[in-house]
Amino acid sequence: MGGELGCRVASLLEDEPWVGSLEGIDADPPRYRLRRARFHRIAPGDHDRVVSLVTRYNPHVVVHIAVWEPHSRANPARAAELTGDAATSILGAAAECRALEAIVVRSGIEVYGRRRGRLTRPDESVPTDPTSGYGRVLDQLEHTAAEIGRRVGTTVGSLRLASVLGPHVPSPLGRLLRMPAVPFSALANPPFAVVHLDDAARAFVAATRQRLDGPLNIVAPGAVTVTQAIRRGRRIPVPLVGPEWALARRFAYLSGSPVPEHVQELFHRGRLADNHRATDLLRFTPAASTREVIDQLYAWPTVIRIPAQRQVA
Amino acid sequence: MAPAPPPGQLATVVNLPVRATRATAGATLGTLRRLVADDVDDWGRDDAVVQRMWSLAALRWQAAVGGTEHVPRRAGALVVVNARRLALAPVLAALALGDATGRPVRFVGRPDIAPIGPAMQRLGGLLACADEITGALRARQLVVLGAEHTTSNGHCGRVDHRLIGAAVAAGVAVLPAAAISSPTGRAARVELGAPVRPARRRRGPLEELELAGAVQERIDELLSEAGATLSGTPLDWVAWVGGWARTAAAGAGQ
């Protein structure tokens with residue numbers, strides 16, 4: 001509930017008439033003011049406190065959004081560790097709750113992988129075959145949730161999100177695209193899709209409301225190529241062919257925009273997914289298209305200056 | 001020492017090339033922007049690239065499309081076309097059909113390796129994989145599938161029943177199409193037939209197998225109805241052989 005997405009979901013759930021009480025756990029405090037929700041600041045690795053809190057609260061529905069994308073707020077190893085810890089604590093504790101009816105977890109379309117010969121737009125029926133560390137972490141998370149759901153007899157919905165972009169969202173893809181000069185694969189320049197933070201949050205609320213069972217792709221309609229995204233942002237395109245990528249990654253790391261494995265994969269092989277089932281099952285269609293999200297990415301100010309309400313000096 | 005020109009005249013002399021240069025640079029940049037627009041759709045197809053490629057193809061081929069009334073207006077459909085060796089018939093058929101119907105048309109058979117794969121993806125290429133074709137057909141797309149390559153222009157090669165299965169799974173129509181062209185002439189034609197339906201309902205994979213056979217037969221009929229048959233060998237590149245074949249076919253038709 002402390003991250004941008006968690007906070008947005010909590011804020012939307014507060015407005016839902018069917019939601020009685022709402023409690024959230026995160027390592028960081030919420031970004032927004034939440035009216036009804038109660039927040040508990042607990043580290044993901046503090047299993048005892050998490051188990052104690054969750055079992056005492058005995059929720060009907062658990063929305064698990066605690067996924068750390070590599071190089072968003074933590075390095076890849078730490079991100080995988082935090083995600084694993086949070087999944088073990090929260091989902092494990094949820095399994096002990098008698099009232100539990102449904103679990104909704106955050107996943108990503110990285111679980112499909114981009115091995116050669118893989119489908120251009122995989123739908124939910126395509127078996128997962130992650131080819132990046134982040135994809136494997138998400139795949140493992142889905143399996144853990146599904147296993148718990150099978151054991152305790154609850155529905156488990158996994159929302160496979162495209163790269164989430166939004167104002168203040170610490171996304172490595174967004175950060176890289178906003179650099180003054182952006183590298184791209186001159187030989188491939190593949191298309192990819194993203195999803196807006198608000199749309200991702202609305203998808204979580206819809207999935208929770210309808211007790212989603214099974215995986216579901218949440219992807220904004222349309223696609224852009226890397227060069228198109230660069231041009232929309234009026235950045236300098238830096239064409240790369242192959243070996244220079246290692247150098248470009250190091251330079252980007254030093255410049256404050258590290259390129260994790262799954263983002264490099266996106267730049268080389270693209271990342272699309274079929275989103276028609278979300279409309280069929282949840283009657284949910286993302287409001288912002290991929291192109292609009294990319295345009296907004298460049299429109300968001302780097303620093304928002306809020307003038308003082310009262311001049312004191 | 002020559003007298004200095006008045007300031008107004010000097011400004012005119014200096015401004016003239018500046019304006020012209022600006023206008024030229026603006027126009028060039030605009031053209032460049034349009035050329036690299038790469039405004040792709042959900043599947044990575046770039047309509048501007050397709051238009052440019054079609055304009056280039058028009059320099060070589062004068063293509064005509066017949067039987068477009070069989071193409072659904074909004075629903076998806078699988079168009080199966082005969083393919084001669086080295087002829088890229090599915091690509092050209094997709095471009096011609098797209099131009100004739102005004103709908104984006106995709107073709108099956110792009111490799112998944114850079115740079116050819118991504119380039120063909122811009123033209124609407126899909127991987128030769130049943131699940132990929134099913135996804136496109138379910139998304140109401142028109143997809144052109146090439147039959148197995150042959151050396152004969154008068155016969156259609158084997159149609160892959162596994163890929164036909166994509167249309168069965170998506171519940172869309174399968175249209176046969178005959179692509180007729182000559183390496184020596186400019187005229188090319190894509191003739192679409194009415195949707196082919198299996199002779200009887202099957203519960204298993206026999207439906208795809210029988211449908212593939214029926215489509216192949218129908219394309220053979222379309223090719224024979226169209227007349228101009230060529231050998232499909234390098235001999236077709238010799239003008240008089242192609243001309244002779246056409247004349248013979250026309251004579252037989254009379």
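Numbered from 1 within each chain, the chains take letters A, B, ... in sequence-line order.
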Whether A/Arg121 side chain and B/Trp43 backbone form a donor-acceptor pair below 3.5 Å: no

Atom pair CZ/NE2 of B/Arg140 and A/His276 - distance to nearest 0.5 Å: 11.0 Å

CA sep, side-chain torsions, deciding dist, call: A/Thr120, B/Arg110, side-chain contact (heavy atoms from CB on, under 4.5 Å): CA-CA 11 Å; A/Thr120 311; B/Arg110 80 168 166 90; 2.9 Å; yes

Smallest separation among heavy atoms of B/Val40 and A/Pro191, with atom names: CG2-CB, 4.0 Å

Heavy-atom check, side chain of B/Arg138 versus side chain of A/Asp274, under 4.5 Å: no

Heavy-atom proximity to chain B below 4.5 Å, by part of A/Arg114: neither

Heavy-atom proximity to chain A below 4.5 Å, by part of B/Asp131: both

Pairing of A/Arg118 and B/Asp112 as salt bridge, 4.0 angstrom limit: no

Minimal non-hydrogen separation, A/Ala188 against B/Pro118, with atom names: O-CB, 3.2 Å

Neighbour count above 12 (heavy atom, 6.0 Å) for A/Tyr298 OH: yes

Interface moiety of B/Ile116 toward chain A, non-hydrogen atoms closer than 4.5 Å: neither

Under 4.5 Å from a heavy atom of chain A, the part of B/Gln121 involved: side chain

Side chain to side chain, B/Asp46 and A/Gln228, heavy atoms closer than 4.5 Å: no

Beyond-backbone contact of B/Cys129 with A/Leu119, side-chain heavy atoms, under 4.5 angstrom: yes

Chain B contacts, top residue of A/Ala193, A/Ala186, A/Ala223, A/Pro190 (heavy-atom pairs, under 4.5 Å): A/Ala223

Over 12 foreign heavy atoms within 6.0 Å of NE2, B/His70: yes

Point-to-point distance, once rounded to the nearest 0.5 Å, from CG of A/Asn275 to CG of B/Asp42: 6.5 Å

